[in-house]
Every structure is written in C-alpha cells, then in structure tokens.
Amino acid sequence: MKRKDLLDLQSLTPAELRQLLDLTHTVKREPERYRQALTGKNLALIFQKASTRTRVSFEVGMVQLGGHALVLPAQELQLGRGESIEDTAAVLSRYVDGIMARVHAHRDLITLARHATVPVINGLSDLTHPCQAICDYFTIEERLGHLAGVRVAYVGDGNNVAHALAAGAAKLGVELTIATPPGYAPNPSSIAQAQSEAATTGARITVSHDPYQAVRGAQVVYTDVWTSMGQEQEREQRLRDFAAFRVDAILFAAAQSDALFMHCLPAHRGEEVTSEVADHPRSIIFDQAENRLHSQKALLLTLLQTSRA
Ligand code: CP
Ligand code: NVA
C-alpha cells in the first residue's frame with residue numbers, strides 16, 4: 001500500500017477527511033477497542049518549536065493505542081548541529097514507523113516527507129496546522145451534529161490555523177468567514193484553492209476586514225494568537241494592528257445567541273480573547289483541546305496501521 005503523509009488538509013479528499021472524522025467518533029466512544037492496534041509501532045515527534053497539546057496528545061495517543069512515542073527536540077538531535085533533513089529522514093525511517101514534525105518552514109516538512117519512507121505528519125508549520133483543523137471540525141460536529149452549512153467566523157491573524165480551517169471548511173461544506181486586519185489576510189493561494197474546492201462541496205469561504213460583519217449569524221467564533229511562534233519580534237506592532245479584532249464579550253454577543261467559542265490554544269488572555277469569553281459557558285476550548293487526542297488517534301490508526309502492509 002502506498003505510504004501516506006499528512007502535510008496539509010488540501011491533499012486529503014473530502015471522503016478521506018470524512019473517514020477520519022467518523023473514526024474519531026468511534027475512537028472517542030470506544031477507546032478500549034484500539035488498545036492493541038499499534039502494538040510494536042514507534043512514532044518520532046520532532047519539535048523545532050514549543051508545544052503542549054500536540055506533544056502530549058500524540059505521546060499519550062500512541063501509548064493508548066499500544067505503541068510508543070519518542071519526543072525529539074530538534075536542538076537535541078544532530079539536526080541541531082547541521083545534519084541534513086534528508087539524512088535525518090532516511091535514518092529515522094530505519095527505526096520508527098512514523099514521524100510527526102513541528103517545524104518553522106513548511107518546505108522543511110516537504111523535504112522530510114520526500115526523504116522518509118514512513119508516514120510524516122505535520123504537527124504545525126508556518127503554513128498550516130492540519131491536525132488542529134481535523135480536531136476542530138470534529139469538535140463542531142460533536143456539538144452541532146453536522147458540519148454542512150455551519151457558519152464559522154475566524155477572527156484574527158490569517159495564519160497557519162486559518163489556512164487549515166479554510167482547507168477543511170472547503171471539504172466539509174462549512175461556511176467560513178475569516179476577518180483579519182488589513183495586511184494580515186491569509187495566504188491568497190491557500191484561500192483560492194479552498195474557494196475553488198468550495199464550489200464543488202457547497203462550502204463558502206470569505207475573507208474580510210470587519211470582525212463584526214464576520215461574526216454576525218455565526219454559530220462558532222474562533223480565534224488564535226496574534227503573534228505566532230517565530231514572530232515574537234513583531235509582537236508590539238501586532239498588538240496595535242489587531243486591537244479591533246479582540247474577541248471580547250461584545251464581539252461574541254454579536255454572533256448567534258447560542259454561538260460557541262473556540263481557540264486552538266495556547267491563548268494569550270487579554271490579547272486575542274478576554275477571559276470572560278475564554279471562560280464563558282459557551283466556550284468549548286478545553287473539549288477542543290481534549291479532542292486533539294481522539295482525532296490524532298484516528299489519524300495514527302489510519303496512517304500507521306497500514307504503513308507496513
Ligand atoms: N494547539 C496546539 O497545537 O497547541 P500546542 O502548541 O500546545 O501543541
Ligand atoms: N498560530 C499559532 C498556533 C499555535 C498552536 C502558532 O503558530 O504559534
């Protein structure tokens with residue numbers, strides 16, 4: 001069977017994404033069914049950047065499936081001393097059954113995948129965060145019972161999380177509105193790709209610069225940090241540029257009266273979201289964080305169970 005990577009959501013078909021969501025429902029409902037599913041399998045977790053949820057959910061997820069995970073901070077590998085990504089990929093492929101990597105530059109992930117003979121999973125790059133979006137759409141479906149036609153407003157930076165949400169929305173028939181300050185819109189090619197797929201699935205992807213217009217009628221209001229990892233030197237400028245895009249109680253109240261609040265976390269409370277909204281009874285941020293575990297177990301079952309078949 002052909003080896004599969006998960007570098008972005010674009011490369012999944014709508015049917016493959018649907019299968020992942022369906023399997024996540026089953027894995028969450030019946031975890032004991034999969035306790036031995038990945039016995040003897042090892043997953044390497046490479047981190048060029050910090051992580052709480054991705055690291056812990058992948059590591060615990062592998063153990064819950066009967067396998068094992070190795071956390072490998074990039075600086076502690078020879079990679080940090082100049083060994084090439086190509087050689088690292090080839091060597092790790094001789095030891096482990098899959099590699100998850102969190103990298104700065106998406107192109108490094110592509111190089112890694114090209115030279116690995118085992119599946120490579122994107123655990124976040126500067127371009128996209130597919131594991132997050134799979135979890136997010138699972139979380140919305142779990143709450144609302146469906147995804148087609150669900151109105152999601154993403155308010156904030158047109159970043160990796162926004163790109164992944166757009167790609168997922170296009171495949172799932174979601175109506176996604178992204179509102180960013182001028183100059184912080186998502187990558188036009190990611191949006192164009194999502195919009196062209198949306199035309200075939202009934203999804204709608206729009207980008208604007210008006211947070212109130214974006215949240216009007218929304219069933220889900222979503223935000224992410226204004227300063228992503230690697231952009232720390234831009235923080236002061238971003239605090240100024242994003243000030244009108246904070247999800248506070250007033251903006252949240254402009255959505256539907258039963259709207260849910262989501263955030264991939266970590267949150268910078270007081271910046272992109274106030275504590276009043278993050279801790280609101282309709283905030284589902286911790287359910288969302290929990291679901292990283294279930295959705296990634298589904299992903300690992302899908303990629304690793306068949307990788308050596
Ligand atoms: N949401 C997310 O990926 O969190 P971490 O950076 O903690 O992994
Ligand atoms: N956009 C954020 C997401 C963190 C999970 C970042 O890249 O830092």
Side-chain angles (χ1 to χ4, degrees), residues 6-9 24 43-62 69 71-74 99-109 121-140 154-168 176 178-181 183-187 190 220 222-235 237-239 241-242 245-247 261-269 271-273 278 283-297 299-300:
L6 181 79
L7 303 187
D8 53 50
L9 280 190
T24 305
L43 178 71
L45 306 174
I46 300 177
F47 289 97
Q48 288 183 351
K49 311 183 200 182
S51 171
T52 297
R53 282 142 289 269
T54 303
R55 172 182 171 160
V56 177
S57 56
F58 268 110
E59 190 168 357
V60 171
M62 273 306 280
V71 175
L72 306 171
I99 302 170
M100 188 236 70
R102 168 167 287 194
V103 300
H104 288 286
H106 189 77
R107 64 177 175 278
D108 287 349
L109 203 63
I121 299 170
N122 180 355
L124 180 147
S125 68
D126 57 352
L127 182 65
T128 190
H129 195 2
C131 295
Q132 184 66 52
I134 295 168
C135 158
D136 296 340
Y137 286 119
F138 170 79
T139 305
I140 295 171
Y154 174 95
V155 177
D157 189 19
N159 61 16
N160 43 12
V161 170
H163 296 148
L165 288 172
L176 175 70
I178 297 173
T180 74
Y184 295 95
N187 175 347
S190 300
V220 175
Y222 194 122
T223 192
D224 182 20
V225 291
W226 292 341
T227 305
S228 284
M229 291 180 279
Q231 298 173 330
E232 288 75 11
Q233 74 290 352
E234 299 173 21
R235 182 163 181 270
Q237 182 65 45
R238 284 172 171 266
L239 285 175
D241 293 345
F242 282 84
F245 290 75
R246 176 172 299 117
V247 181
F261 174 70
M262 296 178 71
H263 191 312
C264 59
L265 302 179
H268 289 181
R269 289 167 180 251
E271 291 186 23
E272 76 278 1
V273 62
S283 166
I284 56 169
I285 56 176
F286 299 120
D287 293 332
Q288 184 185 354
E290 176 190 326
N291 285 336
R292 291 290 301 276
L293 173 67
H294 309 298
S295 56
Q296 284 158 198
K297 284 170 73 177
L299 180 66
L300 291 167

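In each ligand, atom 1 is the first atom listed, and ligand 1 is the first ligand listed.
Partners of Gln132 under the side chain to side chain donor-acceptor pair (under 3.5 Å) rule, at least two apart in sequence or in another chain, are Asp136, Arg292. Under the side-chain contact (heavy atoms from CB on, under 4.5 Å) criterion, Gln231 pairs with Asp157, Thr227, Ser228, Glu234, Arg238, not counting sequence neighbours.
Leu300 is listed as a side-chain neighbour of Ile121, based on a closest heavy-atom distance under 4.5 Å. Counting only heavy atoms from C-beta outward, the side chains of Leu165 and Tyr137 approach each other to under 4.5 Å. The shortest side-chain heavy-atom distance between Met262 and Ile140 falls under the 4.5 Å cut-off.
For ligand 2, the protein residues placed under 4.0 Å by at least one non-hydrogen atom are Leu124, Asn159, Asn160, Asp224, Val225, Ser228, Met229, Leu265. Sorted by chain then number, the residues whose non-hydrogen atoms approach ligand 1 to under 4.0 Å are Ser51, Thr52, Arg53, Thr54, Arg102, His129, Gln132, Cys264, Leu265, Arg292.
Side-chain contact of Thr128 with Asp8: a donor-acceptor pair under 3.5 Å is absent, judged by distance alone. A donor atom on one side chain and an acceptor atom on the other are not found under 3.5 Å apart for Thr223 and Glu272.
A tilted orientation is assigned to the rings of Phe242 and Tyr184, their planes being inclined by 30° to 60°.
Although no hydrogens or angles enter the test, the distance criterion places no donor-acceptor pair under 3.5 Å between the side chain of Glu290 and the main chain of Gln288.
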